[in-house]
J.: 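One structure, as structure tokens, below. Some questions next.
All chains are named by letter (A, B, ...) in the order of the sequence lines, taking the proteins before the strands, and each is independently numbered beginning at 1.
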Amino acid sequence: MEFKKRQLDNGLVIIGELNKAAKSAAVGFFVRTGARDENGQINGVSHFLEHMLFKGTEKLSAFEVNEAFDSKGAKFNAYTGEENTVFFASVLPEYLTEISRLWSQLLRPALRDDDFSMEKNVIKQEIAMYKDQPEFDVMDRCRKLYFGEHPCGNSVLGTEESIDKLTAEQMRGYFQSRYAPNNIVLAAVGDFDWDQVCAVVEEVCGRWQRQDVTRALDDFGGSIENGRIAKANLAREHICLMSPGVSAQDDRRFAASLLDSIVGDSVGSRFFWELVDNAIAEEAVMHSGPMDGTGLFYSYIRCSRENVEKVLEIVKKVFSNLRADGITNDELRKAKNKLLSHLVIKNEVPSGRLFDLGLNWIYLKKYRKLSDDIEAIKQVSVADVNSLIGEFNLSDFTQFSIGPGEDGS
Amino acid sequence: MADKHILKNGMVILGEQMAEVGSATFEFMIPAGASRMEQGCCGACNVISDWIFRGAGDRDSRELSDAIDGLGLQRFSAVGSGYITIGSALEAGSLSEALDLYADIVREPMLKDEQFDAAKQLAVDNVMSLDDDPRQKVMIKLREQFYPSPLGRSTAGDVDELKALTAEKSRELIEENFNFSETIFSIAGKYEFDSVVKQVKELFENGRHKRPRPLQIVQREREYLHIHNDGAQVHIGLMTGTVKPTDEDYYNARVAVSILSGGMSGRLFTEVREKRGLCYAIGAGYHTLKDAAGIMCYAGTTPDKGQETVDVIIREFNKLSEGITDKELQRAKVGLKSSLVMQSESSGYLAGANGSDYHILGRVRSIEEIKSKVEQTSVDSVTDFLRRNKFDKFTAVTIGPESIKLEA
């Protein structure tokens with residue numbers, strides 16, 4: 001495993017982790033922009049723009065783009081979140097340079113008006129699709145309730161109304177202000193030719209203009225509010241809880257991950273034994289969600305309408321017991337073993353390793369070897385986790401639920 | 001090339017070594033899937049796959065779970081038409097201890113009465129939750145409608161039948177179906193085959209050995225089912241029959257499906273999403289059981305666009321027999337071959353694919369064999385196959401505010 005780094009004059013960072021033993025290679029452009037960098041007038045633009053990159057450049061049509069990826073057998077996709085937009089592909093080693101060139105070209109899209117109008121339909125279909133997935137919908141609404149006016153509460157997809165109103169001109173403006181080379185990292189992993197990839201990226205991206213890109217980085221404590229909506233077509237209650245957690249830059253993020261496993265792993269956790277094993281809830285999980293300058297703990301619980309009160313009572317007891325008595329040595333040992341094996345297995349494959357490599361650079365501006373993360377997890381003590389529980393009170397949660405009932409009640 | 005050993009009782013051990021990994025994935029395919037459950041016990045396999053983890057050997061439920069977590073096992077379990085599959089991904093050093101734990105679960109689950117109700121309740125909840133997940137539900141219903149009974153039977157189960165299920169009946173079903181002579185053990189990653197064989201042999205060779213009960217397979221009429229739901233979208237599932245992996249046209253069929261929906265340049269994505277903006281989610285894939293196979297297609301769209309979406313999809317299926325281009329063929333070939341190589345980097349994928357190959361073909365295909373068969377397909381062979389096997393009969397299921405009409 002060999003780490004490489006180059007920075008172009010315009011600020012674009014290229015990083016690579018070479019592994020000649022891999023059977024494939026993966027590449028991704030990590031753009032530090034997402035829903036939190038939007039305002040109400042352009043809500044949903046980051047995600048819509050992600051779609052528009054696949055519509056091609058001045059020289060490539062949408063079909064030619066898809067054909068170019070497919071003719072190299074690439075597994076490619078993109079995602080948009082609250083704070084990053086990531087474009088990625090996995091290919092056989094011999095194709096990585098070509099695919100890096102293709103992504104580099106696509107990062108300067110044509111943003112044609114007719115493509116924009118057609119893709120608006122697709123975006124609206126995607127919004128409708130997620131409305132039929134209460135598990136997703138409840139998280140989105142809880143995030144909004146938790147963050148209130150803080151930009152991290154912005155919906156990634158936007159709403160049908162915000163998408164309807166959005167113009168191609170507004171999208172071009174947003175693109176100009178956020179897709180600056182100094183706001184982008186290209187990461188590559190696996191078996192590939194580093195010099196060739198650098199040469200191609202420099203040739204295509206070297207002429208992009210550097211510019212100032214800012215982001216509001218205020219931390220936020222959460223609203224501690226409670227909301228619910230009813231939908232007549234639902235059968236189960238879907239509950240989301242959110243409370244403050246550590247940021248992606250905080251060294252305690254490993255302790256936070258271990259805490260989430262102890263409290264809310266899908267099996268063997270406190271939630272599991274108190275809620276799922278006895279079938280009071282069907283699913284109950286908690287995750288740590290470190291973000292840029294802020295962070296969350298969030299839980300998702302699904303149960304029958306009748307069990308809601310009981311579930312919340314138990315959840316509150318789990319949280320208050322943790323605060324009173326802390327965790328045990330045995331819980332920490334199991335959580336470490338689970339987290340370590342998960343980490344090792346995920347990072348064995350280039351398409352899995354790519355995201356840790358790229359996101360570490362986005363958040364920390366430095367390279368972390370897998371063994372650095374493994375060591376950091378091993379070093380976490382019971383006292384570290386208990387001190388985290390003391391500082392971040394899981395009981396101070398914002399709650400949102402979606403469940404059965406007359407529409408809107 | 002895969003390792004293989006068959007125990008005296010018939011249990012099959014498959015292995016595939018992977019250089020350069022420190023992990024392994026193993027799985028037990030136990031012939032107790034949804035189609036193997038008696039009439040009136042639809043969903044029992046879900047209760048069983050939970051119940052067997054609630055204490056086994058001399059460990060109670062909690063001790064067993066702690067032992068699994070203590071080894072850091074990434075456990076998984078799945079219920080399919082033929083099998084309950086349980087297994088773990090793990091760091092190779094924990095393999096021997098993990099196999100002992102799983103042997104307890106498969107051979108000596110405690111099956112305590114007091115643990116049964118919770119296992120059953122979770123299975124009932126799981127079926128009820130499907131109402132809130134129309135996209136998953138439509139595909140479960142589609143398989144049920146498409147495959148001959150009981151092969152396509154719902155893997156989630158039936159609420160009434162689950163509610164009527166007793167602990168005693170479930171024990172009988174385990175006794176009847178946890179049959180080691182029909183069980184497949186598959187491992188991939190870092191392991192020593194000889195020591196795995198030795199351990200599995202000691203644990204299972206003298207275990208339960210029964211002649212499996214033959215299934216009474218009944219063909220179904222291809223029909224359209226609509227389930228009303230006032231959601232935002234109509235979720236559309238379409239399925240049409242095609243050749244099984246044992247058929248000499250199998251690779252022609254795989255290439256054809258790839259041309260239809262192998263990537264973003266596939267015909268469905270291009271016609272339905274790119275040109276018309278009808279859907280966000282649209283795709284088709286090959287799906288097979290041992291005794292039947294089909295092409296499954298999903299699309300989700302708002303009710304006002306449901307009919308147009310279905311019409312465009314069916315037109316694209318029909319148009320395939322008019323011919324394919326060489327460019328399409330080449331993209332399909334490179335896509336299929338690349339996927340194969342990339343998937344083979346994952347021990348989880350290999351363990352699963354090898355087990356499934358053995359179940360369906362009675363042998364494990366090597367990556368080289370599959371690549372060469374894909375390479376041998378031509379524009380002529382695929383077109384000829386498509387002309388002989390037109391996709392003109394569809395089973396359809398929709399869930400949403402409005403139904404659709406299927407073209408004759």
J.: Can B:Glu20 and A:Lys23 be counted as an ion pair, charged N to O under 4.0 angstrom?
T.: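 No, this pair does not count.
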J.: Chain B heavy atoms under 4.5 Å from A:Val349: which part of the residue, side chain, backbone, both or neither?
T.: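 Contact with chain B involves the side chain of A:Val349 alone.
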J.: So, are B:Asp66 and A:Lys334 salt-bridged, with charged N and O less than 4.0 Å apart?
T.: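 A salt bridge is present here (some side-chain N lies under 4.0 Å from a carboxylate O).
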J.: B:Ala119: what forms a side chain to side chain contact (heavy atoms under 4.5 Å, CB included) with it, not counting sequence neighbours?
T.: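 B:Ala119 satisfies side chain to side chain contact (heavy atoms under 4.5 Å, CB included) with B:Val47, B:Asp50, B:Trp51, B:Arg54 once adjacent residues are dropped.
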J.: Nearest 0.5 angstrom please: B:Ile399 CD1 to A:Asn233 CG, how far?
T.: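 Here the interatomic distance stands at 11.5 Å.
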J.: Counting a contact as any heavy-atom pair under 4.5 Å apart, which residues of residues 264-274 of chain A contact chain B?
T.: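 The list, in residue order, reads A:Val267, A:Gly268, A:Trp273.
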J.: Between A:Glu67 and B:Ser265, is any side-chain donor less than 3.5 angstrom from a side-chain acceptor?
T.: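 Their side chains do not contain a donor-acceptor pair, so the 3.5 Å distance test is not met.
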J.: Apply the side-chain hydrogen bond (donor to acceptor under 3.5 Å, both in side chains) test between B:Asp132 and each candidate in A:His238, A:Arg302, A:Lys231; give the one that qualifies.
T.: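 Between B:Asp132 and the candidates, side-chain hydrogen bond (donor to acceptor under 3.5 Å, both in side chains) is satisfied uniquely by A:His238.
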J.: Considering only heavy atoms, which portion of A:Glu126 lies under 4.5 Å from any heavy atom of chain B: side chain, backbone, both, or neither?
T.: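 Interface part for A:Glu126: both.
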J.: For A:Tyr130, which atoms come within 4.5 Å of any heavy atom of chain B: side chain, backbone, both, or neither?
T.: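 Neither the backbone nor the side chain of A:Tyr130 comes within 4.5 Å of chain B.
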J.: At their closest point, which heavy atom of A:Ile345 faces which heavy atom of B:Ser23, and how far apart are they?
T.: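 That would be CG1-CB, 3.8 Å.
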J.: Relative to chain B, which segment of A:Glu119 carries a heavy atom at a distance below 4.5 Å: side chain, backbone, both, or neither?
T.: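 Contact with chain B is through the side chain of A:Glu119 alone.
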J.: Could you tell me whether the side chain of B:Glu345 and the main chain of A:Ser24 form a donor-acceptor pair under 3.5 Å?
T.: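 The answer is yes, because a donor-acceptor pair under 3.5 Å joins these two groups.
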J.: How long is the straight-line distance from CZ of B:Arg331 back to NZ of A:Lys72, given to the nearest 0.5 Å?
T.: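 With rounding to 0.5 Å, NZ (A:Lys72) is 11.5 Å from CZ (B:Arg331).
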J.: Between A:Asn66 (side chain) and B:Met264 (backbone), is there a donor-acceptor pair under 3.5 Å?
T.: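 Yes; at least one donor-acceptor contact below 3.5 Å.
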J.: Charged N to carboxylate O under 4.0 angstrom, B:Asp131 versus A:Arg236?
T.: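 Result for this pair is no, no salt bridge flagged.
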J.: With a 4.5 angstrom heavy-atom cut-off, could you sort out which part of A:Ala335 is near chain B: side chain, backbone, both or neither?
T.: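 For A:Ala335, there is no contact with chain B at all, as no heavy atom is under 4.5 Å.
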